[in-house]
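In what follows, residues are counted from 1 in the order of the sequence shown. On a predicted model such as this, the values are computed, not experimentally measured, just so you know. Counting starts at 1 for both ligands and their atoms, in listed order.
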Amino acid sequence: MKILQDKVAIVTGAGSGIGRSVALTYAQEGAKVVVSDMDEDSGRHTVRLITNQGGEGFFVKCDVSSPQDNEALVWATIDKYGALHIACNNAGIGGAMAPTGMYPVEAWDKVIAVNLSGVFYGVRYQIPAMLNSGGGAIVNMASILGSVGFANSPAYVAAKHGLVGLTKNIALEYGQKGIRANAVGPAFIKTPLLKDLDEQTMQWLVGRHPIGRMGEPEEVAELVLWLSSPKASFVTGAYYPVDGGYLAQ
Ligand code: NAP
């Protein structure tokens with residue numbers, strides 16, 4: 001039997017990069033996947049990829065920075081599949097780059113709204129649905145920058161550190177009620193999120209990874225799959241880097 005057989009999973013930001021890979025991996029392992037993204041075309045394309053590989057899923061448009069969208073996403077999931085067991089809160093943006101003393105206030109507000117508040121709004125509605133479904137597993141997409149700084153990205157770093165803290169709190173509050181919550185910390189992964197970086201910066205970033213390259217979305221999805229599955233039944237409140245050794249130095 002597949003390890004997520006008959007489980008119902010939400011993935012946010014599933015129209016691209018890591019989120020798409022997580023959605024495809026969940027579906028390969030038997031989950032019914034609610035693919036959500038702000039971008040309708042890319043989200044619907046992920047659903048097509050899932051059905052092409054024999055899996056099941058449907059699309060719900062959701063801007064994670066909207067509490068109402070997050071609530072509607074959970075309701076749409078319950079309406080369609082009757083339960084919610086897994087949520088990968090993955091949607092995120094890179095945001096502007098500037099030193100803290102010059103960081104544009106609007107850029108700060110936007111990154112915090114999507115990368116931190118967006119995850120709170122998600123779990124705020126996912127948790128009651130999981131309790132009604134007999135328990136569940138939450139995997140929040142942090143970053144290596146959930147545990148170390150990165151000059152000129154104060155909002156992203158603060159949001160990802162906050163996300164790791166939020167994840168620990170969920171674990172404390174719901175461990176005995178059947179919900180596990182963990183955070184994942186990818187280093188630099190080859191996705192459209194990095195599309196604006198020039199070649200020189202990309203090469204510099206590659207050099208920061210002891211393994212000698214950036215990661216692939218599928219390498220993150222493997223860890224997310226494990227944390228989402230019963231194989232990780234004693235793992236909660238943890239922060240797992242998947243980083244080619246980045247944090248070892
Ligand atoms: P990506 O390829 O840009 O995918 C992110 C997806 O989220 C896109 O489809 C994007 O839509 C969507 N999105 C953006 N804002 C949203 C919102 N407000 N509501 C709903 N969806 C939204 O990025 P990725 O690299 O896969 O990143 C996924 C997660 O991994 C993020 O949380 C990121 O911080 C984290 N991460 C990435 C890396 C990396 O190096 N790639 C490293 C560490 C952590 P649009 O395309 O329309 O914007």
Mind checking whether [X] contacts ligand 1 via backbone (N, CA, C, O), side chain (CB onward), both or neither, at a 4.0 Å heavy-atom cut-off?
{"X": "Ala187", "answer": "backbone"}
{"X": "Ile18", "answer": "both"}
{"X": "Ala142", "answer": "backbone"}
{"X": "Ile93", "answer": "side chain"}
{"X": "Asp63", "answer": "both"}
{"X": "Lys190", "answer": "neither"}

Whether the Tyr121 and Ser66 side chains hold a donor-acceptor pair (N or O, under 3.5 Å, no angle test) is what I'd like checked. no
Donor + acceptor pair across side chains of Thr167, Asn140 (<3.5 Å): yes
I want to confirm something. Looking only at heavy atoms, which of [options] is nearest to [atom]?
{"atom": "atom 24 (P) of ligand 1", "options": "Leu73, Ile189, Thr191", "result": "Thr191"}
{"atom": "atom 5 (C) of ligand 1", "options": "Gly17, Cys62, Gly92", "result": "Gly92"}
{"atom": "atom 22 (C) of ligand 1", "options": "Ala91, Ser21, Gly95", "result": "Ala91"}

Under 3.5 Å, N or O to N or O, is [X] touching ligand 1 that way?
{"X": "Ser65", "result": "no"}
{"X": "Pro186", "result": "no"}
{"X": "Asp37", "result": "yes"}

Sub-4.0 Å protein heavy atom next to atom 45 (P) of ligand 1: no
Is there at least one protein heavy-atom neighbour under 4.0 Å from atom 48 (O) of ligand 1? no
Heavy-atom closest contact (Asn182 atom, Val235 atom, distance): ND2-O, 3.0 Å
Do the charged groups of Glu56 and Lys80 touch, with an N to O distance under 4.0 Å? no
Any Thr12 heavy atom less than 4.0 Å from ligand 1: no
Might you work through the side-chain contact (heavy atoms from CB on, under 4.5 Å) test for Ser36 and Lys61, ending with a clear yes or no? CA-CA 5 Å; Ser36 98; Lys61 186 174 168 129; over 6 Å; no
